[in-house]
Amino acid sequence: MMAHVSAVRALYKRILVLHRFLPLDLKALGDQYVKDEFRRHRGAEPGEAGSFMEEWKNYRDTLQTQVLEAQLGPARFGVDLTEERLPDFQDQQIGQLYELLLEASKPNRQFNIQDD
């Protein structure tokens, strides 16, 4: 049990460290999302916790690669979400994605996220 808690803490901290390399608007958005998600899954069942950790490890690995690539040239952060992946999300997560879409689509949005 303590090993799991330690692994969760280490992953959480590593993601927040990687967020320091993001543009400020993305860092703020990402930090809040990570904090909310880790807090929300604090009491997750073992099966859900395993899936949660695997997805966040994938995110960490992708972000780490993108941070390193940004040192060599123009930064591009994030990945495209394909329609095939949607069944992998719970209803609550789909709702969060929709809220993010609405926020990003506002004409005077708080975050200035540009697509290459």
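Only this structure's heavy atoms are used, side chains among them; waters, hydrogens and symmetry mates stay out.
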Exercise for review: State the CG-CD distance between N58 and E55, to the nearest 0.5 angstrom.
Suggested key: 5.5 Å
Side-chain donor-acceptor pairs under 3.5 Å in residues 3-14, sequence neighbours left out?
residue: R14; atom: NE; partner: Q64; partner atom: OE1; Å: 3.2
residue: R14; atom: NH2; partner: Q64; partner atom: OE1; Å: 2.9

Exercise for review: Under the side chain to side chain donor-acceptor pair (under 3.5 Å) rule, collect the residues that match up with K57, sequence neighbours excluded.
Suggested key: none
Point to revise | Within-4.5 Å side-chain heavy-atom neighbours: R76 and E69 | key: no
Study note, to complete from the structure: Sorted by chain and number, sequence neighbours left out, side chain to side chain donor-acceptor pair (under 3.5 Å) with E83 holds for none
Point to revise | Gap between atom NZ of K27 and atom CZ of F77 - 0.5 Å precision | key: 13.0 Å
**Study point:** Within 6.0 angstrom of D61 CG, more than 12 heavy atoms from elsewhere
**Key:** yes
Practice item. Tell me whether V67 is reachable from V17 by hopping between hydrophobic residues (I, L, V, M, F, W, Y) whose side-chain heavy atoms are closer than 4.5 Å. Key: no
**Study point:** Side-chain touch Q66/V79, heavy atoms, less than 4.5 angstrom
**Key:** yes
**Study point:** Reported CD-to-NE2 distance for the pair E48 and H41, which is rounded to 0.5 angstrom
**Key:** 4.5 Å
Point to revise | Close side-chain approach of L81 and L86, heavy atoms under 4.5 Å | key: yes
Check your understanding: Roughly how far, to the nearest 0.5 Å, is CG of L18 from CG of L68?
Key -> 8.5 Å
Review point. Which atom names give the shortest non-hydrogen contact between A44 and A49, and what distance separates them?
Key: CB-N, 4.1 Å
**Study point:** Intermediate values then yes/no, side-chain contact (heavy atoms from CB on, under 4.5 Å), W56 and E37
**Key:** CA-CA 10 Å; W56 281 104; E37 281 296 294; 3.8 Å; yes
Review point. Are the aromatic rings of F38 and F52 close, with centres under 6.0 Å apart?
Key: yes
Exercise for review: State, with a plain yes or no, whether a side-chain heavy atom of L63 is found less than 4.5 Å away from one of L22.
Suggested key: yes
